[in-house]
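Shown next, in structure tokens, is the structure this report addresses.
In this text, all values refer to a predicted model and were calculated from it rather than measured experimentally.
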Amino acid sequence: MAVKLVLLLVFLFAVGSGGVSISRHIKRLNKPAVKSIKSPDGDVIDCVHISLQPAFDHPFLKNHNIQMTPSFHPDGLYDVNKVSSESISQLWHANGRCPENTVPIRRTKREDVLRASSVKRFGRKKQLNLKHPMSAEPDLVNQSGHQHAIAYVEGGKYYGTKATINVWNPQIQQHNEFSLSQLWILGGTFGQDLNSIEAGWQVSPDLYGDNNTRLFTYWTSDAYQATGCYNLFCSGFIQISSEIAMGASISPISNSGGSQYDISLLVWKDPKEGHWWLQFGDKYVLGYWPSFLFSYLADSASMIEWGGEVVNSDAGGQHTTTQMGSGHFPEDGFSKASYFRNIQVVDESNNLKPPKGMGTFTEQSNCYDVQIGNSGDWGHYFYYGGPGRNPNCP
């Protein structure tokens with residue numbers, strides 16, 4: 001009886017300690033708000049004074065002077081807007097905007113943290129066993145359970161990229177799976193020292209608690225081990241925009257056979273200060289990753305990837321039905337398949353240029369595929385995606 005009582009007390013202490021830890025973590029993430037906005041999708045967006053955002057919990061940023069504008073934009077930035085696209089915003093805009101000198105931050109709920117494997121891992125990708133890429137097979141491949149359909153360039157020094165991506169709401173089979181479309185800016189050896197900056201859209205029930213399509217960012221300087229996170233879930237990315245919230249729902253989304261809605265993303269290295277900046281569309285410079293966060297990317301990137309990624313949990317021994325992109329294969333073409341268009345890279349002279357020697361990779365082309373092309377209006381582009389499990393992908 002005494003042993004049982006001791007075990008019960010230990011259990012209750014552990015649960016209580018975990019509760020305190022969760023509460024402390026949530027308090028650290030949810031900064032005092034100047035104003036709060038209830039989004040139609042149930043999110044609460046807190047307008048937090050720019051100097052109180054999570055980035056400044058980092059000890060190296062305590063006395064950081066916020067850079068409110070990049071020193072330089074890449075040359076040629078506005079030369080490729082030949083194709084008009086439907087306008088996209090975020091759902092929370094329907095109920096208000098944040099005032100100047102604040103940044104919009106999606107409020108973290110207790111249940112968000114409880115879905116994670118631990119408080120420490122909340123807001124982070126699972127640790128992945130990355131293998132060194134073959135020259136023709138880049139990786140973020142070979143990750144257990146992760147599948148990709150990507151285009152890539154490697155072998156040079158890259159200082160950023162710009163691409164336009166149409167936005168979909170892929171169906172997710174399992175709660176612990178996700179589907180995303182993004183760009184990766186990579187440096188390192190794909191061992192324990194991989195540096196990565198990522199941005200795009202994702203559907204991730206495990207991270208957000210729903211199946212909405214959301215804007216996201218990610219960074220790591222040690223192959224997803226101890227550094228980095230999604231969005232503003234840790235200190236690192238410094239946001240300057242009061243207009244766009246990381247992790248908030250994007251609206252509207254594309255319709256199969258109907259209207260196509262896309263977003264343009266630009267990530268580039270400021271040649272003066274060395275920070276990596278993020279721009280959403282033509283108007284919104286969202287903020288920057290300070291250069292000190294990285295080792296290899298403090299200089300330049302050695303590879304850039306664009307495309308889709310899903311988690312295949314192989315439930316019941318069958319391939320997942322989680323869709324990538326629109327859920328259509330590339331050959332279904334415009335208005336049905338997902339695309340990246342007007343793809344460019346930033347060179348050492350801070351010029352946007354077409355990518356040279358763009359390759360493709362997919363683990364199982366019968367499940368998800370990718371096809372590249374080139375045209376006058378779309379420049380370098382590709383269609384990608386697929387339905388997952390089908391008669392040719394059991």
TODO: Tell me, please, which residues at least two apart from Lys31 pass salt bridge (charged side-chain N to carboxylate O under 4.0 Å, His left out).
DONE: Asp57
Task: Ser259 and Asn255 side chains, donor-acceptor separation under 3.5 Å - done: no
Open item on the list: I'd like to know whether the aromatic ring centres of His64 and Phe292 sit less than 6.0 Å apart in this structure.
Closed with: no
Task: For Thr161, the option from Leu183, Ile197, Val153, Val346 that meets side-chain contact (heavy atoms from CB on, under 4.5 Å) - done: Leu183
- [ ] I would like to know whether Leu293 and His58 meet side-chain contact (heavy atoms from CB on, under 4.5 Å); could you show each step before the answer?
- [x] CA-CA 10 Å; Leu293 295 173; His58 197 293; 4.3 Å; yes
- [ ] Could you tell me whether the side chain of Lys269 and the main chain of Ala298 form a donor-acceptor pair under 3.5 Å?
- [x] yes
Open item on the list: Minimum heavy-atom separation for Thr213 and Trp168, please, with both atom names.
Closed with: OG1-O, 2.8 Å
Open item on the list: Just so I know, are the side chains of Leu352 and Lys162 near enough to count as touching, which here means a heavy-atom distance under 4.5 Å?
Closed with: yes
Open item on the list: Taking the ring of Phe178 and the ring of His146, is the distance between their centroids below 6.0 Å?
Closed with: yes
Task: Side-chain donor-acceptor contact under 3.5 Å, Tyr384 with Ser181 - done: yes
Task: Donor + acceptor pair across side chains of Ser295, Asn195 (<3.5 Å) - done: yes
- [ ] Test side-chain contact (heavy atoms from CB on, under 4.5 Å) on Tyr261 and Ile250 and set out the steps.
- [x] CA-CA 10 Å; Tyr261 297 92; Ile250 301 172; over 6 Å; no
Open item on the list: Between Asn95 and Lys38 (side chain of the first, backbone of the second, donor and acceptor by atom type, cut-off under 3.5 Å), is there such a pair?
Closed with: yes
Open item on the list: Closer than 3.5 angstrom, by distance alone: can the side chain of Gln174 be matched with the main-chain N or O of Ile172 as a donor-acceptor pair?
Closed with: no
- [ ] Could you tell me which non-hydrogen atom of Arg106 sits nearest to which non-hydrogen atom of Gly247, and how far apart they are?
- [x] CD-O, 3.5 Å
- [ ] Can you measure from OH (Tyr158) to CG (Asp347) and round to the nearest 0.5 angstrom?
- [x] 11.0 Å
TODO: Using atom types as modelled and distance alone, determine if a side-chain donor or acceptor of Glu177 lies under 3.5 Å from a backbone N or O of Thr321.
DONE: no
Task: Sub-4.5 Å side-chain heavy-atom contact between Ile304 and Pro355 - done: no
Open item on the list: Once rounded to the nearest 0.5 Å, what's the spacing between atom CZ of Arg107 and atom CG of Leu29?
Closed with: 12.5 Å
TODO: Evaluate the side-chain proximity of His148 to Tyr368: yes if any heavy-atom separation is below 4.5 Å, no if none is.
DONE: no
TODO: State whether the number of non-hydrogen atoms from other residues, nucleotides or ligands found under 6.0 Å of Lys27 atom NZ is greater than 12.
DONE: no
- [ ] May I ask you to check whether Tyr208 and Asp43 show a side-chain donor-acceptor distance below 3.5 Å?
- [x] no
TODO: Would you confirm whether Asn169, through its side chain, and Asn212, through its main-chain N or O, come within 3.5 Å as a donor-acceptor pair?
DONE: no
Open item on the list: Is it true that Gln182 and Gln202 share a donor-acceptor pair across their side chains at a distance under 3.5 Å?
Closed with: no
Open item on the list: Rounded to the nearest 0.5 Å, what separates atom OG in Ser204 from atom CG in Leu180?
Closed with: 8.5 Å
- [ ] Grab the two heavy atoms, one from Pro205 and one from Arg115, that are nearest each other, plus how far apart they are.
- [x] O-NE, 3.5 Å
Task: Shortest non-hydrogen contact between Pro354 and Val345, atoms and distance - done: O-CG2, 4.3 Å
Task: Short side-chain donor-acceptor distance under 3.5 Å, Thr362 and Asp369 - done: no
Open item on the list: Between Leu61 and Ser235, is the side-chain contact (heavy atoms from CB on, under 4.5 Å) condition met? List the steps.
Closed with: CA-CA 9 Å; Leu61 291 172; Ser235 53; 5.5 Å; no
TODO: Taking the side chain as every heavy atom from C-beta outward, state whether Ile263 and Trp201 have any pair of such atoms under 4.5 Å apart.
DONE: yes
Task: Whether Trp378 and Tyr383 hold their rings parallel, tilted or perpendicular, with breakpoints at 30° and 60° - done: tilted
TODO: May I ask you to check whether over 12 heavy atoms, not counting those of Phe72, lie within 6.0 Å of atom CZ?
DONE: no
Task: For Asn166 against Ala337, the heavy-atom pair lying closest together - done: ND2-O, 3.6 Å
Task: Side-chain donor-acceptor contact under 3.5 Å, Thr220 with Asp222 - done: yes
Open item on the list: Is it the case that over 12 heavy atoms from other parts of the model lie below 6.0 angstrom from the NZ atom of Lys35?
Closed with: yes
Task: Reported CZ-to-CD distance for the pair Arg124 and Gln225, which is rounded to 0.5 angstrom - done: 11.0 Å
TODO: Can you measure from CH2 (Trp276) to CD1 (Ile185) and round to the nearest 0.5 angstrom?
DONE: 5.0 Å
- [ ] For the residue pair Arg97 and Ser242, establish whether any side-chain heavy-atom pair is separated by less than 4.5 Å.
- [x] no
- [ ] Verify the neighbour count for atom CD of Glu111: are there more than 12 heavy atoms of other residues, nucleotides or ligands below 6.0 Å?
- [x] yes
TODO: Would you please indicate yes or no on a ring centroid separation below 6.0 angstrom for Tyr339 and Tyr381?
DONE: no
Task: Sub-4.5 Å side-chain heavy-atom contact between Val311 and Gln173 - done: no
Task: Donor-acceptor side-chain pairing of Ser221 and Thr227 below 3.5 angstrom - done: yes
Open item on the list: Does the plane of the ring in Tyr218 sit parallel, tilted or perpendicular to the ring in Tyr224? Use 30° and 60° as the thresholds.
Closed with: tilted
Task: Residues Asp377 and Ser375: side-chain donor-acceptor under 3.5 angstrom - done: no
Task: Distance (rounded to the nearest 0.5 Å) between Gln171 CD and Ser326 OG - done: 11.5 Å
Open item on the list: Can you confirm whether the side chains of Ser71 and Asp270 place a donor and an acceptor under 3.5 Å from each other?
Closed with: yes
Task: Main-chain N/O of Ser302 paired to Tyr296 side chain as donor or acceptor, under 3.5 Å - done: no
Open item on the list: Looking at Asn231 and Thr217, would you say the former's side chain and the latter's main chain have a donor-acceptor pair under 3.5 Å?
Closed with: yes
Open item on the list: Ignoring hydrogens, what is the shortest heavy-atom contact between Ala149 and Gly385? Give both atom names and the distance.
Closed with: CB-N, 4.4 Å
TODO: Any ring-ring contact (aromatic ring centres under 6.0 Å, His included) involving residues 298-318? Give me the pairs, sequence neighbours left out, ordered by first then second residue.
DONE: none
- [ ] Using a 4.5 Å cut-off on heavy atoms from C-beta on, say whether the side chain of Trp92 contacts that of Ser249.
- [x] no
- [ ] Check whether any side-chain N or O of Asn312 sits under 3.5 Å from a backbone N or O of His319 as a donor-acceptor pair, and report yes or no.
- [x] no
Open item on the list: Less than 6.0 angstrom separating the ring centers of Phe233 and Phe122, yes or no?
Closed with: yes
Task: Donor-acceptor contact present, side-chain Gln364 to main-chain Asn366, <3.5 Å - done: no
Task: Which residues share a salt bridge (charged side-chain N to carboxylate O under 4.0 Å, His left out) with Asp206, sequence neighbours left out - done: none
Task: Side-chain heavy atoms of Val103 within contact of Cys98, under 4.5 Å - done: no
Open item on the list: Whether the Ser196 and Glu198 side chains hold a donor-acceptor pair (N or O, under 3.5 Å, no angle test) is what I'd like checked.
Closed with: yes
